[in-house]
J.: 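I'd like to ask some things about the structure below.
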There are 2 protein chains.
Amino acid sequence: MSDDIRRNMALFPIGIVMKLTDLTARQIRYYEQNELIHPARTEGKQRLFSFNDVDRLLEIKSLIEKGLNIAGIKQVLLLNEPEPVITEITEKSEQKRKELSDKELHEMLKQQLFNPAASRLGEPSLIRGELSRFFH
Amino acid sequence: MSDDIRRNMALFPIGIVMKLTDLTARQIRYYEQNELIHPARTEGKQRLFSFNDVDRLLEIKSLIEKGLNIAGIKQVLLLNEPEPVITEITEKSEQKRKELSDKELHEMLKQQLFNPAASRLGEPSLIRGELSRFFH
DNA sequence: CAAGGGATGTAAGTATATCTGACATCTTTA
DNA sequence: TAAAGATGTCAGATATACTTACATCCCTTG
């Protein structure tokens, strides 16, 4: 869950993603246009990709190389999606989702991730190494 | 070791780092100027930060909040640095270091990290989830 | 084979993000 | 009070990214 949050933080501009995936900007934008990915945006409308996005792009690339077309890839990606569990609270959670703008979410994530010293002074520095949770 | 590589990949532009650390661009640049951090650069000279850089900035911030000045922080960071082990091969490894431009290194890292399908076709898709190695 | 559609390249023009350098401001300390 | 340290702010330049439109290439299908 918290891991999920980390993997979904919008972090990378398209230039970095190009290097990480060896895809062109054209390709990446085209895949977005076809709804294979849904990167976040900065205030100025620049795309911002998460680890999940990059991961997904790598799978897309691999499928492209296997000869799949967009429609096929879309299917595969859908199959790999964990089914969103339909619960009683569906309405409520949907409500909640709407309440949280991307920006607010990002703020939350940041708090949760980095536990900034600002919040509780006097606490020993737990901050250093906090990022190591990104890795195994 | 490989973990080290991942943590040192130049990934983030300054804008993201600002959000992650709640430091201003001015502060980040000032700390670089005072050699507390050494972010990489793009071809166009834009700063690119690694996880290690961000981690370090978070520690710097925490020390700033404790009232340390730059000189003090530099000392603390030096102390926390694992001593570079002086071995017989010092000359050789120094030589090696010089041979690797940042760009070449980055290429290596990318290969090692993402094991691109392009290299060995026919191999089952190990790619999806590869990035999950970034997390525990 | 010709026509059409899918996937990507490329170019133009604009907008956003970042850079450096200089000067301003505020605080602490000698 | 003067000097030095840390940060804010502004300006002008450069880099990066955006959208839109058109071009190209390769398949597929009639």
J.: Would you mind reporting whether B:R47 and B:T42 have side-chain heavy atoms less than 4.5 Å apart?
T.: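 No, every pair of side-chain atoms sits at 4.5 Å or beyond.
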
J.: Please encode protein proximity along nucleotides 5-11 of chain D as a string of B, S and -, counting only heavy-atom distances under 4.0 Å.
T.: SBBBB--

J.: State the CG-CZ distance between A:L57 and A:F49, to the nearest 0.5 angstrom.
T.: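 CZ of A:F49 is found 6.5 Å from CG of A:L57.
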
J.: Between B:I37 and B:I28, is any pair of side-chain heavy atoms under 4.5 Å apart?
T.: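 Touching, per the 4.5 Å side-chain cut-off.
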
J.: From the 5' end of DNA chain C to its 3' end, which nucleotides mark the outer limits of contact with chain B, defined by a 4.0 Å heavy-atom distance cut-off (strictly under)?
T.: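 So the outermost contacting nucleotides come out as C:dT18 to C:dT20.
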
J.: Given atom CD1 of B:I14 and atom P of D:dT16, what is their separation to the nearest angstrom?
T.: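 About 14 Å, once rounded to whole Å.
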
J.: Grab the CE-P distance between A:M18 and D:dA17 for me, whole Å please.
T.: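 Spelled out: CE on A:M18 to P on D:dA17 is 8 Å.
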
J.: Take A:N80 and A:E59, measure what side-chain contact (heavy atoms from CB on, under 4.5 Å) needs, and give me the verdict at the end.
T.: CA-CA 11 Å; A:N80 289 5; A:E59 185 176 14; 3.0 Å; yes

J.: Of the non-hydrogen atoms in A:P13 and A:L48, which two are nearest, and what is the gap between them?
T.: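 For A:P13 versus A:L48, the nearest heavy atoms are N-CD2, 4.1 Å.
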
J.: Which is it for A:L11 and B:L20 under the side-chain contact (heavy atoms from CB on, under 4.5 Å) test, yes or no, and what are the steps along the way?
T.: CA-CA 9 Å; A:L11 294 173; B:L20 290 178; 4.1 Å; yes

J.: Are the side chains of A:Y31 and A:I64 in contact, using a 4.5 Å heavy-atom criterion?
T.: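 Yes - at least one pair of side-chain heavy atoms lies under 4.5 Å apart.
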
J.: Pair A:V17, A:L23 - check side-chain contact (heavy atoms from CB on, under 4.5 Å), show working.
T.: CA-CA 8 Å; A:V17 177; A:L23 293 168; over 6 Å; no

J.: Below 30° counts as parallel, above 60° as perpendicular, anything between as tilted: where do the rings of B:F51 and B:F12 land?
T.: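 Plane angle over 60°, so perpendicular.
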
J.: What is the bend of the helix from C:dC1-D:dG30 to C:dA30-D:dT1 when you compare the axis at one end with the axis at the other, using five pairs each and rounding to 10°?
T.: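 About 20°, once rounded to a multiple of 10°.
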
J.: Taking atom P of D:dA15 as reference, at what distance in whole Å does atom CD1 of A:I16 sit?
T.: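 So the CD1-P distance, A:I16 to D:dA15, works out to 16 Å.
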
J.: Establish, with yes or no, whether the OP1 or OP2 oxygen of D:dT19 is under 4.0 angstrom from a side-chain nitrogen or oxygen of A:R47.
T.: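 Checking D:dT19 against A:R47, a side-chain N or O does come within under 4.0 Å of OP1 or OP2.
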
J.: Under the side-chain contact (heavy atoms from CB on, under 4.5 Å) rule, what do B:I60 and B:L77 come out as? Steps first, then yes or no, please.
T.: CA-CA 8 Å; B:I60 291 171; B:L77 291 181; 4.0 Å; yes

